[in-house]
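Okay, structure first, notes after.
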Amino acid sequence: MNQPGTRQCSPFLFFVIAILLQLALYSNDTSAGTQITAARYWAGPEYTRLTLESSKPVKYSVSTLQSPKRIVMDMENISLSDVLKSLPAKTESRDPLVGALRVGNFNSRTVRLVVELKTDAVPKAFALDPVDQFGHRLVLDLYPSKKLTTEPYEQDPLIALIQKNKKPAPAAHTRNVTPAATSKTVLTATSRKPEKNRIITIAIDAGHGGKDPGAIGPQGSMEKNITLSIARKLKARIDKEPGMRSVLIRDGDYFISLAERRIKARQANADLFVSIHADAAPRREAHGASIYALSENGATSTTASWLAKKENAVDLIGGVKLDNKDRYLKQTLIDLSMNATINDSIRLANHVLNEIGTISHLHKKNVEQAGFAVLKSPDIPSVLVETAFISNQTEEAKLNSEIHQNKLVDAISVGLKRYFNSGSWQTRMDVADTR
């Protein structure tokens with residue numbers, strides 16, 4: 001019997017309360033899920049990459065389905081955010097592998113990403129730890145299971161140039177190379193011609209690119225765009241010089257690893273390698289240009305060491321580690337004098353530094369040295385030009401100026417010519433004649 005003044009709840013009311021509690025628990029679970037802060041999609045001629053950036057590591061699984069062909073990635077405890085919902089719109093019709101992307105809740109704790117394929121593809125998924133401005137990243141790479149018969153992209157202009165000028169190496173100048181030295185990692189430039197009157201080839205490397213924007217200025221300018229603009233202008237300037245030609249390591253907005261940049265320079269039989277950058281510094285008031293050559297024994301200043309670590313970390317974005325490649329270079333190219341190349345790099349850097357000093361403030365009045373991975377070609381004098389600090393608002397504006405870019409290009413090209421006219425270059429050619 002009910003006590004006086006009390007009312008008995010109906011079964012329907014209990015049912016409604018239970019439903020509301022379940023909805024509240026589901027809402028709390030969803031809001032507590034890991035947030036995807038950025039989603040990037042890149043379709044290249046060799047593979048397609050999806051990158052999901054998050055505040056915490058993501059637990060995931062990948063499977064392949066047929067009829068129709070699909071790659072499925074399930075991610076646990078992930079919130080279905082607007083960033084993920086926008087991912088399907090990033091696909092490109094020219095992508096030879098991916099037809100469409102779909103994303104949605106598979107269940108209350110799992111978000112499913114479905115990649116609809118145009119042809120058979122092999123998935124490779126891996127996680128990357130935070131580096132620089134990038135957080136935790138979950139990367140899904142898709143590779144064609146067989147070589148594509150179509151060419152959906154324009155051919156790399158550097159590769160086109162190499163193929164156009166490819167000739168058998170003269171027997172008198174062919175070097176004996178061990179089988180290990182002919183691997184994909186290290187390509188020896190067997191077709192170098194040491195004749196003094198031949199055309200001089202300069203490899204111009206626009207720093208960063210693609211998913212790696214480089215440093216970003218206070219007004220949002222990206223280093224990758226500024227370096228490419230300067231590199232293109234420098235190429236046009238050099239190509240007008242008699243007896244000189246240039247090749248661009250990167251002629252578009254795409255990612256190239258540091259090791260691949262060196263390999264491309266060697267494939268083009270480059271005599272010099274010039275890498276263009278516009279980096280940032282921890283202090284916003286830092287300003288001025290700097291020139292760097294390689295150092296095998298550490299950096300010559302705190303800034304040089306900091307910049308080298310920052311630049312070398314770029315390869316971690318693509319999951320590449322350079323330690324074994326550095327050791328491999330030292331073992332397989334023992335017949336080449338790295339010290340002589342570094343000395344030539346310093347002489348080249350001094351000529352360029354002196355010319356840039358006539359049109360811009362110098363952050364350091366002497367050539368700096370640091371262990372930049374991109375400079376580690378053992379037989380190509382290589383320099384890295386920090387045109388200015390993009391982190392400085394005043395210099396950011398100058399770097400975006402066509403007038404200032406042209407001044408930089410003129411200064412660099414004059415510095416290169418002074419090096420070629422110096423005794424150092426003539427001596428290097430004399431040594432090359434004896435090989």
Side-chain angles (χ1 to χ4, degrees), residues 29-65 69-92 95-118 120-145 208-214 216 222 224 253-258 260 310 312-322:
D29 286 344
T30 302
S31 62
T34 301
Q35 293 294 320
I36 300 298
T37 57
R40 294 183 287 275
Y41 170 93
W42 180 79
E46 297 179 353
Y47 68 99
T48 295
R49 168 166 291 185
L50 299 171
T51 303
L52 302 178
E53 191 170 336
S54 59
S55 55
K56 300 177 182 178
V58 175
K59 187 177 181 180
Y60 66 94
S61 62
V62 177
S63 57
T64 303
L65 302 178
K69 298 179 177 67
R70 290 156 292 161
I71 302 294
V72 175
M73 174 181 279
D74 287 334
M75 297 167 284
E76 296 184 13
N77 199 28
I78 290 291
S79 301
L80 186 58
S81 62
D82 291 338
V83 172
L84 279 174
K85 292 178 181 178
S86 68
L87 189 56
K90 297 179 183 291
T91 56
E92 301 176 8
D95 188 334
L97 296 177
V98 177
L101 296 175
R102 291 185 283 112
V103 62
N105 283 315
F106 180 66
N107 56 43
S108 62
R109 301 187 64 85
T110 304
V111 168
R112 170 165 288 185
L113 171 65
V114 179
V115 183
E116 297 180 0
L117 299 173
K118 295 178 180 178
D120 290 327
V122 178
K124 178 183 178 181
F126 54 93
L128 295 174
D129 294 329
V131 59
D132 200 18
Q133 73 267 35
F134 298 94
H136 292 274
R137 283 148 294 146
L138 174 58
V139 180
L140 175 63
D141 284 346
L142 304 176
Y143 297 89
S145 56
H208 307 279
K211 62 179 178 287
D212 171 30
I216 299 177
M222 293 186 182
K224 66 176 183 177
D253 187 17
Y254 46 86
F255 177 82
I256 304 178
S257 72
L258 301 178
E260 187 67 21
K310 186 173 184 294
N312 292 346
V314 167
D315 264 346
L316 299 180
I317 298 172
V320 179
K321 293 184 178 180
L322 297 174

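Only heavy atoms go into these numbers, but all of them, side chains included; no hydrogens, no water, no symmetry mates. For this chain, numbers begin at 1 and follow the sequence in order.
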Tell me if a side-chain donor or acceptor on [X] pairs with a main-chain N or O of [Y] at a distance below 3.5 Å.
X      : Y      : answer
Ser257 : Glu260 : yes
Glu53  : Gly135 : yes
Arg102 : Ala100 : no
Thr91  : Pro88  : yes
Asp74  : Tyr60  : no

Atom [atom1] of [X] and atom [atom2] of [Y]: how far apart are they, to the nearest 0.5 Å?
X     : Y      : atom1 : atom2 : result
Glu76 : Asn107 : CD    : CG    : 8.5 Å
Leu97 : Thr48  : CG    : OG1   : 4.5 Å
Ile78 : Asn105 : CD1   : CG    : 11.0 Å

Q: Using a strict cut-off of less than 4.0 Å between a Lys/Arg side-chain nitrogen and an Asp/Glu carboxylate oxygen, indicate whether Glu116 and Lys69 qualify as a salt bridge.
A: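 Between Lys69 and Glu116 there is no salt bridge, as every charged N stays at least 4.0 Å from the carboxylate O atoms.
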
**Q.** Side-chain ion pair, Asp253 and Lys224, N-O less than 4.0 Å
**A.**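 Salt bridge between Asp253 and Lys224, a charged N being under 4.0 Å from a carboxylate O: yes.
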
Q: Would you check, one step at a time, whether the test side-chain contact (heavy atoms from CB on, under 4.5 Å) holds for Arg70 with Thr64?
A: CA-CA 6 Å; Arg70 290 156 292 161; Thr64 303; over 6 Å; no

(Q) With heavy-atom distances below 4.5 Å as the criterion, would you say the side chains of Val139 and Lys124 are in contact? (A)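 Sidechains of Lys124 and Val139: no contact.
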
Q. Going by heavy atoms in the side chains, are Thr51 and Leu138 under 4.5 Å from each other?
A.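 Side-chain contact under 4.5 Å: no.
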
Which heavy atom in [X] sits nearest to a heavy atom in [Y], and how many Å separate them?
X      : Y      : result
Lys90  : Tyr41  : O-CD2, 3.1 Å
His136 : Ser55  : CD2-O, 3.5 Å
Leu140 : Ala125 : CD1-CB, 4.1 Å
Val111 : Ser79  : CG2-C, 4.4 Å

(Q) So, using side chain to side chain contact (heavy atoms under 4.5 Å, CB included) as the criterion, who are the partners of Ser81 when residues are at least two apart? (A)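 Once residues adjacent in sequence are excluded, the partners of Ser81 under the side chain to side chain contact (heavy atoms under 4.5 Å, CB included) criterion are Gln35, Ile36, Val83, Leu84.
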
